[in-house]
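All residue numbers in this chain count up from 1 along the given sequence. Model, not experiment: these values are computed from the prediction.
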Amino acid sequence: MSVQWNELIARDASALRASEIRDLLKVAERPDVISFAGGVPDPDLFPVDAFRDIYGGMMACDAQARRSLQYSVSEGLPALRQWIVDDLADQGAMRDIDNILITNGAQQGLDILARLLLEEGRNLIVEKPSYLGAMQAFSTRLPNYVGVDAEDEGPVLSQLEDAFAKGARVAYVAPDFQNPTGRSWSIARRKAVLELARRYGAVLLEDAAYSKLSYNGAESLPSLLSLDAEGADPAMGNVIQLGTFSKTLAPALRIGWVCAPRPVIDKLVLMMQAGNLHVSTVNQEAALHAARKLFPGHLEKLRVSYRAKRDVMLQTLTDMMPDGVSWTRPEGGMFVWLTLPAHIDARQLLEEALEDVKVAFVPGQAFFTDGSGANTARLSFSTEKVDRIKDGITRLADLIRRKDNQ
Ligand SMILES: Cc1ncc(COP(=O)(O)O)c(C=O)c1O
């Protein structure tokens, strides 16, 4: 008798679904397609020479090489955690090394936090729209999503308060250059959201994946973590922050971290032990060397390059898009969020865009938990060159104008 996989696969694993647009987006990888679909950093900006030296240097000395190739503690390397504590302090968030856990990218942080804080039917507040990967991690726990609409300044406070008042105690939020919209919350909204969380004893999972990619030269706005002064007591605070080197050094390092009150970290460390023991020792050391050696100069290089791409995308949208199409104006990160006239379905538009004008993007509906957003799209400006960005947006605008006139 053959194995009855449908019966064997656990209910929460069954909740995992492949994205319907994945196959469509495979076409986006063809060189003749101008792709605004990927959400990955520009590989031309990876500090390859520095990593060649760093990994070579680590292997050049016998004692160092043996340390780097050995198992290490589940919390993560103390020196790397201390670097993160110092960096947070520079941003005004006073935390302790015991508040930091190193994870396999921020994605693993999302996964273990989901396992720690969510269970079937428990309310989870998410912004509408939200990062798809986070929702994939959360969905395995079968939570009850409570969507809160987002305005340019941040989430709608009355809706957030309503969700807290009805018993929700966990909210996943991204105040800086959000994936997928590129939006950033105003300082007033940051303070108001934190105040609400405090009033209801709720926790804010702050995804800070893009915080360092601020393009306007101005200082980044304070994180929820830094505004959460209670967190200076290592056991206290309403904010758990997720960080990563994926957008600032290289995603293949798979080095992220969770900054959380001690009771949370203590449990997460046990989950790390059970799940994968620890994050690669050699990559943690390489990331630490790279951060020490390259920051802040390398960050400035990233900002200059991405800012130029963003500028071209926004200018071409302004020059070319027909009336009735609107978009966000991100001050950092990698994404612009497009809202099309209500009668245009972005999935159908993607099919036509791939076929007719060889342009790819991600239809926005995937970023909503309630199936809304059919007329929205995420455009990433990170990997294409500026002339192709101009060309791609022009072609997309032509297609939308043609559809509008139909
Ligand atoms: C908002 C957001 N959070 C987390 C992640 C996961 O990043 P990491 O590579 O650190 O796992 C991503 C990756 O694209 C992201 O966009």
Side-chain angles (χ1 to χ4, degrees), residues 5-25 37-40 101 103-150 155 159-160 163-164 166-175 178-181 202-210 240-242 244 246 251 254 256 258 260 264 267-268 271-272 274-276 335 337 346-347 362-374 376-378:
W5 292 112
N6 284 349
E7 288 168 23
L8 271 186
I9 291 174
R11 255 167 63 76
D12 46 5
S14 300
L16 287 169
R17 296 253 179 280
S19 159
E20 293 158 43
I21 51 170
R22 239 166 65 156
D23 287 343
L24 212 49
L25 288 177
V40 300
L101 168 72
T103 55
N104 268 288
Q107 192 64 33
Q108 188 184 29
L110 291 166
D111 179 52
I112 54 180
L113 283 166
R115 285 198 275 141
L116 186 77
L117 298 173
L118 301 179
E119 55 193 10
E120 185 167 356
R122 186 176 285 186
N123 288 336
L124 170 66
I125 300 171
V126 291
E127 295 172 274
K128 288 170 66 179
S130 271
Y131 166 53
L132 181 59
M135 294 189 295
Q136 278 171 331
F138 301 147
S139 289
T140 59
R141 307 296 293 160
L142 310 172
N144 175 42
Y145 286 109
V146 183
V148 168
D149 288 316
Q159 292 183 18
L160 190 63
F164 284 147
K166 287 187 175 135
R169 289 294 175 268
V170 185
Y172 169 70
V173 294
Q178 192 220 24
N179 179 4
T181 62
V203 56
L204 302 172
L205 306 182
E206 178 181 39
D207 192 327
Y210 297 92
I240 296 177
Q241 193 187 61
L242 296 121
T244 180
S246 288
R254 307 308 303 132
V258 173
V264 173
K267 279 281 180 234
L268 293 182
M271 287 181 169
M272 284 295 288
N276 64 348
F335 307 106
W337 183 250
R347 276 168 194 255
V362 182
Q365 204 168 28
F367 302 96
F368 292 82
T369 52
D370 61 2
S372 57
T376 58
R378 189 190 75 177

Legend entry - L101 vs M272 side-chain heavy atoms within contact, under 4.5 Å: yes
Inset, instruction - Using a 4.5 Å cut-off on heavy atoms from C-beta on, say whether the side chain of F367 contacts that of V362. - result: yes
Legend entry - 4.5 Å side-chain heavy-atom contact, L113 and F138: no
Inset, instruction - May I ask you to test the L124-N144 pair for a side-chain heavy-atom distance under 4.5 Å? - result: no
Inset, instruction - Taking all heavy atoms of V146 and all of A163, pick out the closest pair and write down the distance. - result: CG1-CB, 3.8 Å
Inset, instruction - With rounding to the nearest 0.5 Å, note down the distance linking OG1 in T140 to CD in E120. - result: 11.5 Å
Inset, instruction - Might you point out which heavy atoms bring P155 and V148 nearest each other, and give the distance in Å? - result: CB-CG1, 3.8 Å
Legend entry - Residue pair R122 / R169, side-chain heavy-atom distance below 4.5 Å: no
Legend entry - Shortest non-hydrogen contact between R254 and S246, atoms and distance: NH1-OG, 3.5 Å
Inset, instruction - Answer yes or no: is there a donor N or O on one side and an acceptor on the other, between the side chain of Q107 and the main chain of G133, under 3.5 Å? - result: yes
Inset, instruction - State the CZ-CG distance between F164 and N123, to the nearest 0.5 angstrom. - result: 11.0 Å
Legend entry - Shortest non-hydrogen separation from M271 to I112 and the atoms involved: SD-O, 3.5 Å
Inset, instruction - Look at the rings of Y210 and F335 and say which category their plane angle falls in: under 30° parallel, 30 to 60° tilted, over 60° perpendicular. - result: perpendicular
Legend entry - Contact check, side chains of Q159 and D149, non-hydrogen atoms, under 4.5 Å: yes
Inset, instruction - Would you check if V126 and V173 make a side-chain contact, meaning some heavy-atom pair closer than 4.5 Å? - result: no
Inset, instruction - For the pair R141 (side chain) and D12 (backbone), establish whether a donor and an acceptor sit closer than 3.5 Å, ignoring hydrogens and angles. - result: no
Inset, instruction - Answer yes or no: is there a side-chain heavy-atom contact under 4.5 Å between T376 and P129? - result: no
Legend entry - E127 versus S130, side-chain donor and acceptor atoms under 3.5 Å: no
Legend entry - R115 side, atom CZ; K267 side, atom NZ - distance, nearest 0.5 Å: 13.0 Å
Inset, instruction - Please report the shortest heavy-atom distance between K128 and S372, naming the atom on each side. - result: CE-OG, 4.0 Å
Legend entry - Spacing of CD belonging to E206 relative to CD1 belonging to I240, to within rounding of 0.5 Å: 11.0 Å
Inset, instruction - I would like to know whether I125 and Y172 meet side chain to side chain contact (heavy atoms under 4.5 Å, CB included); could you show each step before the answer? - result: CA-CA 6 Å; I125 300 171; Y172 169 70; over 6 Å; no
Inset, instruction - From the options L110, L116, T103, select the one residue that forms a side chain to side chain contact (heavy atoms under 4.5 Å, CB included) with V258. - result: T103
Inset, instruction - Work out which heavy atom in G373 is nearest to a heavy atom in F368; give both atom names and the distance. - result: CA-CE1, 3.7 Å
Legend entry - Trace of the side chain to side chain contact (heavy atoms under 4.5 Å, CB included) decision for E119 with L142: CA-CA 6 Å; E119 55 193 10; L142 310 172; over 6 Å; no
Legend entry - Under 3.5 Å side-chain donor-acceptor pair for Q136 and Y131: no
